[in-house]
There are 2 protein chains.
Amino acid sequence: MADRVTPEPQRRRRRPTKQGTVLSEKVIVDTALRLVGLHGAQALTVRRLGAALGADPSAIYRYFHSTDDLLLAIADELIGRAQHGWQPTGDWRADLRAVGLRIHAAYLAHPQAAILAAHRTTGRDNEILAVEAILGVLRSAGFPDAQAVRIYHALVDQSLAFAALDAAELALPAPSQAADLEVWQSRYALLDPRSHPNIAATADLLAADMRLSGYPFALTLLLDAIAARLPDPDAERRRSSA
Amino acid sequence: MADRVTPEPQRRRRRPTKQGTVLSEKVIVDTALRLVGLHGAQALTVRRLGAALGADPSAIYRYFHSTDDLLLAIADELIGRAQHGWQPTGDWRADLRAVGLRIHAAYLAHPQAAILAAHRTTGRDNEILAVEAILGVLRSAGFPDAQAVRIYHALVDQSLAFAALDAAELALPAPSQAADLEVWQSRYALLDPRSHPNIAATADLLAADMRLSGYPFALTLLLDAIAARLPDPDAERRRSSA
DNA sequence: CTTCACACGTCAATGCCGTTGTCATAAGGT
DNA sequence: ACCTTATGACAACGGCATTGACGTGTGAAG
């Protein structure tokens with residue numbers, strides 16, 4: 001937990017493992033992501049990862065100080081994938097929406113990994129790239145620096161937070177997911193409309209909405225509110241007329 | 001993971017443990033919360049909890065099917081505390097803000113527990129009470145049911161998600177927290193302003209804002225956006241003029 | 001007041017887990 | 001061809017959740 005820096009020895013002599021694979025940070029992170037995608041977050045253990053790599057578990061510690069360190073590398077990889085191929089268009093609203101949805105989607109593409117990674121601050125390259133890009137969008141939209149920073153936080157935090165929330169749902173094992181919904185529905189069905197009038201009135205809607213992510217809607221709300229705060233009306237007018 | 005229902009045997013004969021304590025669901029949940037608050041989320045293990053209770057670890061399984069089941073009980077307890085003593089005032093905007101801040105605060109009062117609990121859906125009493133109350137506020141504010149449900153989700157999800165995010169930060173052990181900030185600051189200081197102009201320009205603000213929660217601000221943005229969608233303009237006019 | 005069923009605390013064992021120290025070996029510069 | 005040393009393998013440690021068998025004291029029934 002204390003070390004956040006991957007050891008960087010000479011990293012020269014790649015001895016293949018007994019079973020032939022050649023290790024590297026990249027191979028390990030990729031395998032970890034694959035493992036997590038296939039068998040769930042709880043399958044990401046040093047021992048299982050070693051087995052999946054065809055290497056002794058302890059070999060991993062030549063590349064990462066701890067499992068926490070490995071986790072940060074995974075988180076950074078996800079952030080990197082979210083940005084891959086993205087370019088700001090100059091329309092700040094569309095750009096921010098794209099960024100938010102990309103972060104959300106990249107994490108949800110690996111729900112199991114997202115749960116582990118969304119809360120973390122990696123301090124690594126991909127994360128810095130993302131910060132730079134988003135701040136760039138906000139500042140060139142005309143937001144003063146102080147506000148740009150606040151909005152940056154609101155946007156990124158919300159995206160990551162929703163990603164984690166949705167991922168936690170997606171990541172539940174299928175039987176348990178079904179059980180979850182069933183528990184809710186049976187609970188709702190049994191409620192006395194007199195003691196719980198509001199739930200009773202909206203029970204159908206609640207059940208239907210339960211499985212959907214509130215994120216795109218919440219993101220829209222956030223962007224609406226941000227637009228209302230754009231300090232320089234010219235920028236907004238310029239955007240919509242050009 | 002599959003069982004979400006606490007076993008409810010006769011629960012009649014309370015034999016005191018060897019060290020004199022008398023077990024119950026409540027005692028266990030309270031002790032778990034205390035334990036987590038004192039020594040961090042990673043200290044919540046069946047063995048340690050047993051020790052803190054002065055009982056054999058396996059005794060806990062008489063009250064909860066699994067640690068996951070215990071976790072849901074903890075989550076529901078937190079939701080309950082968030083609501084404790086709250087009454088809607090009739091001003092929907094103030095009410096929703098209060099609910100959001102209360103959820104946030106209740107979870108942050110036990111950051112270590114919040115990390116464990118925020119993602120979960122308990123299906124237990126306190127959670128149902130909260131759903132009923134929030135829907136009540138929205139529906140009597142005049143939102144049509146479909147919209148009330150969507151807004152309910154956006155609000156609660158955002159509150160829980162931010163709570164988890166902030167809790168994850170708060171929950172880091174103090175030395176590691178300092179290291180975290182330091183890594184960021186040194187990283188930022190070393191960045192070339194030519195390759196990262198936006199970060200360079202806002203470095204101070206970023207560093208200062210880094211430790212603050214974006215939640216109150218994000219909540220304000222959300223409420224602004226919700227207000228803009230109120231279908232009945234009279235309700236809004238009444239609120240701001242009264 | 002005695003009896004007795006059984007709720008529930010305890011014990012012991014199983015099979016995971018992360019992590020570490022030591023050793024063996026092959027890669028690659030010389 | 002040699003040595004250095006990066007790096008993989010091995011073995012061991014302590015901690016983890018969970019389970020099944022066991023016994024003990026409680027509280028109700030007679």
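Both backbone and side-chain heavy atoms feed into the values below; hydrogens, waters and symmetry mates do not. A, B, ... follow the sequence lines: proteins, then strands. Residue 1 opens every chain.
Counting to the nearest Å, the C1' atom of dA27(C) and the CG atom of Leu23(A) are 15 Å from each other. Straight-line distance from the CD atom of Glu25(A) to the P atom of dG8(D): 12 Å, rounded to whole Å. The distance between atom CD1 of Ile28(B) and atom C1' of dG9(C), rounded to the nearest whole Å, is 11 Å. Taking atom CZ of Arg62(B) as the reference point, atom P of dA21(D) lies 12 Å away to the nearest angstrom. Atom pair His65(B):NE2 and dT19(D):P shows a separation of 10 Å (rounding to whole Å applied). Per the geometry, NE2 belonging to His39(B) stands 17 Å off C1' belonging to dG15(D), to the nearest Å. Rounded to an integer number of Å, the gap from CG of Asp69(A) to P of dT20(C) is 12 Å. Computed from coordinates, the Ile60(A) CD1 to dA9(D) P distance equals 11 Å when rounded to whole Å.
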- Does the side chain to side chain contact (heavy atoms under 4.5 Å, CB included) test come out yes or no for Tyr215(A) and Gln158(A), once each step is laid out? CA-CA 9 Å; Tyr215(A) 178 63; Gln158(A) 175 172 288; 4.0 Å; yes
- Query: Could you walk me through whether His104(A) and Asp166(A) pass the side chain to side chain contact (heavy atoms under 4.5 Å, CB included) check?
  - Reply: CA-CA 9 Å; His104(A) 192 249; Asp166(A) 293 339; 2.7 Å; yes
- Note on the structure: In 5'-to-3' order, the base (B), backbone-only (S) or no-contact (-) status of each nucleotide in nucleotides 12-18 of chain C, using a 4.0 angstrom heavy-atom cut-off, is -----BB
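Side chain of Thr45(B) to main chain of Arg48(B): a donor-acceptor pair is present (N/O by atom type, distance under 3.5 Å, no hydrogens or angles). With hydrogens and angles disregarded, no donor-acceptor distance shorter than 3.5 Å links the side chain of Asn126(B) to the backbone of Leu78(B).
Within 4.0 Å of Ala59(B), counting heavy atoms only, lies at least one base atom of the nucleic acid.
Between the side chains of His84(B) and Arg102(B), not a single donor N or O lies within less than 3.5 Å of an accepting N or O.
In this structure the side chain of Ser159(A) never reaches within 4.5 angstrom of the side chain of Tyr107(A), judged on heavy atoms.
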